[in-house]
Amino acid sequence: MSDHDTEDFVEDIPLKALPLDAWHRAKGARMVPFAGYEMPIQYEGIVAEHSWTRENAGLFDVSHMGQLHLTGEGVEAALEAVLPIDLSTLKHGNPRYSLLLDENGGVLDDLMVTRWNDGFYLVVNGATKWDDIAHLREHLPDEVNISHMDEHALLALQGPKAFAALERHVIGDTPLGALTFMKGATFTFTGSIAGDVWISRSGYTGEDGFEISVPADVVAEIADLICAEPEVKPIGLGARDSLRLEAGLPLYGHDMTPETSPIEAGLIFGINKRRRTEGGFPGADRIIRELVEGTARKWVGLKLEGRLPAREGAEVFAGADKIGTVTSGGFSPTLGAPIAMAYVASAHAAPGTPLEVEVRGKRLAATVSPTPFVPHRYFRGS
Amino acid sequence: MPRYYTDEHEWIDVEDDVATVGITDYAQGQLGDIVFVELPEVGAMIEQGKDAAVVESVKAASDVYAPITGEVTEVNPALEDDPALVNSSPEEDGWFFKMTIAAEAELDALMDEDAYKAFVEGL
């Protein structure tokens, strides 16, 4: 028995421990290397954890991700020079999706940008955070200070019962229920837990839920408090991946890389409207051209017949012609069928197009499918 | 009926000149939820230590190696409709395939139950 799987090893450096390392092990997690950390891949099993999150609420430790705080004179204009974001329309407390692009418009990372009182709060991918910090330091003026909030942990509470579970424990100037999807605010935990936490209504599962930035020295106490709620179980990276795949959400390093443009990847919402005409960000020439002329290939969803999943790297065919490559794929626990995301030639990208995917020499029937595969259930207000 | 184990976590039951092959309970626990099992063709010659089957879990694909050399004589038809049998009954109903035994000597180098148990405890 041997595993084909390739984890996201960053480099051959010693693995670091998350602030919740001992907590995960005490909960029975199986730990694996991911993004330079030992991380929990699963506790009781991926399918059980996946279904629990879709039906109840799951607590994810995403403390491997990079939390950055950017302050200083001119930070707003400086940030617009490195990201295709329109900060003039970004209200205080609201996270917005953006992209770190290279000079050719290739994707270096995807990230969330939130306006805080004294600057901006960025959440970047764990495997890329050191490169991101170096890139930002190189391209931002000296007046802008980049603070790596490595004394903070990050939790995500996701699922239809996430609100009920979290509401019992937090108080803020605005009630938790006032946060709709992609809004954030400062809260404190009730009881003896000291200090402010930052909570946004956002996530990576397609479900309603929250991301919670907390000081690392109280994260175990907070994780215990949340997990003591009957709706909540800890959920590992395995289910995080199957949940985001069903939600049609791309994973950096797999679905987009420096070799792909955000327009090919269908991430046009990451290029804010004003910037699509004004430009003035890295790779703007290519991106504005692609917006007008289209791209030769597109990122699409695929539904496969049968039960055999197609994984990253599987080739996609239209008849005898190879027209694409799978970038993420697996078995959807919700649909009970294999699903995948792939770049395919734009002529074959329309929903309903019949294609084939090759797995170990076998051609599997596949159909281009709209995404998300499982509908999003974000809370946009009652 | 003697049962042998490999260090790749396959088990082999030998009855007369036919060997039945599957993966161990430890192996299924490591793989997690199994969604598909790709079995060899009946009539295929498989060689000890070479690929014989592939197990797909939600997360990943894993190879299962031939524990001994021989010809595949039968595959478990139940796994097509219910691959999760490998999780629920790995060492009985979730067997993978039956095969001939080309070289009895290959069996001698495998572990018995006690040796395998000690091997797993040492992992």
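Below, chains carry the letters A, B, ... as their sequence lines are ordered, and counting in each starts from 1.
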For B:Ala61 and A:Arg360 the tightest heavy-atom approach is CB-NH1, 4.1 Å
Could you please state which residues from residues 72-90 of chain B sit under 4.5 angstrom from chain A, measuring non-hydrogen atom to non-hydrogen atom, sorted by number, or 'none'?
B:Glu80, B:Pro83
Does the side chain of A:Gln42 come within less than 4.5 Å of B:Lys59's, by heavy atoms?
no
Top contributor to chain B contacts, counting heavy-atom pairs under 4.5 Å, from A:Ser332, A:Gly336, A:Pro309
A:Pro309
Between B:Glu38 and A:Arg307, does a salt bridge (Lys or Arg N to Asp or Glu O under 4.0 Å) hold up when you go through it step by step?
CA-CA 10 Å; B:Glu38 189 170 297; A:Arg307 290 185 60 90; over 6 Å; no
Would the number of heavy atoms belonging to other residues, nucleotides or ligands and lying under 6.0 Å from NZ of B:Lys117 be above 12?
no
Find the one option among B:Val58, B:Val35, B:Thr6, B:Asp33 whose heavy-atom pairs under 4.5 Å with chain A are most numerous.
B:Val35
